[in-house]
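Both backbone and side-chain heavy atoms feed into the values below; hydrogens, waters and symmetry mates do not. Atoms within a ligand are numbered from 1 in the order they appear, just like the ligands themselves.
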Amino acid sequence: MNHSWTRRGLLGTGIAALVITGSQFAEIPALFAQGQEVNIYSSRHYNTDKQLYDEFTRQTGIKVNVIEGEPDPLIVRIKSEGKNSPADVLLTADAGRLWRANQEGIFATVNSKTLQSKIPANLRDPQGRWFGFSKRARVIVYNKSKVKPNQVKTYADLTKPQWKGKVISRPGNNIYNQSLVAWMIVNQGAPAATNWSKGLVANFARPPQGNDTAQIEAVAAGVADLAIVNTYYVANLATNKDPKKQEVFNKVGVIFPDQAGGGTHINISGGGLVATAPNKAAGIKFLEYLASPKAQAFFAQANNEYPVVAGTPLSATVKSMGTFKESKTSIASYGPNLARALQITDQTGWK
Ligand code: FE
């Protein structure tokens, strides 16, 4: 974890500082924004992040300081820093985590017409405390030499007896699986989610272990036929420079579940304005910037995710994975069901 300040500022006197964007300061020339800064606490760490932050500085004259860290420790850190926290914006992944951060009282309500109009309502907190800036789908990967894609069409199919000893997943208490089960509770009720988890566990090829990438690698290696993973882990193997990783990608296929039903489970990475933010206006401006076409491209392409703002081009690999019907269930509805989801995964032995 690197907690030192990373100076991204391009604070100059150049003409670029005169460009005015965003609604917050539309009436104030950005030249006066000089000396302003915004402090981002982020669990993102991608190559294109520097471009993402530099472009904001170029447009607004506002210097960006970044603290990168693991998601949960960042939340703890903001909490413990209290009202003296320098954090203006928290960026993190997963609806469940954003919900938890909000439960901790970390986020302020942001009333931004820009964010409300650009980000679909199901991908943000109805009260404006957090916003999704990229999407990921939780899909099924299969070993192409063992499974035909039409053999598995739904999450429920993973519980069929024919897949006994052929399915793998990371542990059930991982936030991605928790959000998936919470989504199931919302759409089908807790009893159905419980049965699904039970059926999944009954089909496991091995005790849950490793992260999503480890599941894809195990499927490619023939340890199992099927696994549940987020889309970007698949795409990131394709764009990896290591030929061995590309080989893994070539051995697996992606199934977008529930296409005939409500659509595939969606999650987000996103963020919000910190309630104690010392630079509130700059923080809001930064959040609005993340919904701009340029930032959306950086933000989504950095990790092979799906942009949330319509019309943003996909990365080539993500595009090659094909189009699909995504669930429109409100991401905000997962959070209140997380406690129940954990009970379900625990009680059914998804550990
Ligand atoms: Fe991830």
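- Listed by chain and number, the protein N, O or S atoms at a distance under 2.8 Å from the Fe ion (ligand 1) are Tyr176 OH, Tyr232 OH, Tyr233 OH.
- Between Phe324 and Phe256, the ring-plane angle classifies as parallel under the 30° and 60° cut-offs.
- A tilted orientation is assigned to the rings of Tyr176 and Tyr233, their planes being inclined by 30° to 60°.
- Listed by first then second residue, pairs satisfying salt bridge (charged side-chain N to carboxylate O under 4.0 Å, His left out) with a partner in residues 164-178 read Arg170-Asp212, not counting sequence neighbours.
- Taking the centre of each ring, Tyr334 and His265 come in below the 6.0 Å mark.
- Between Arg100 and Glu104 there is no salt bridge, since none of the side-chain N atoms of the basic residue sits less than 4.0 Å from a carboxylate O of the acidic one.
- Put simply, Ile175 and Val186 are part of two different groups of oily side chains (I, L, V, M, F, W, Y) that touch within less than 4.5 Å, one to the next.
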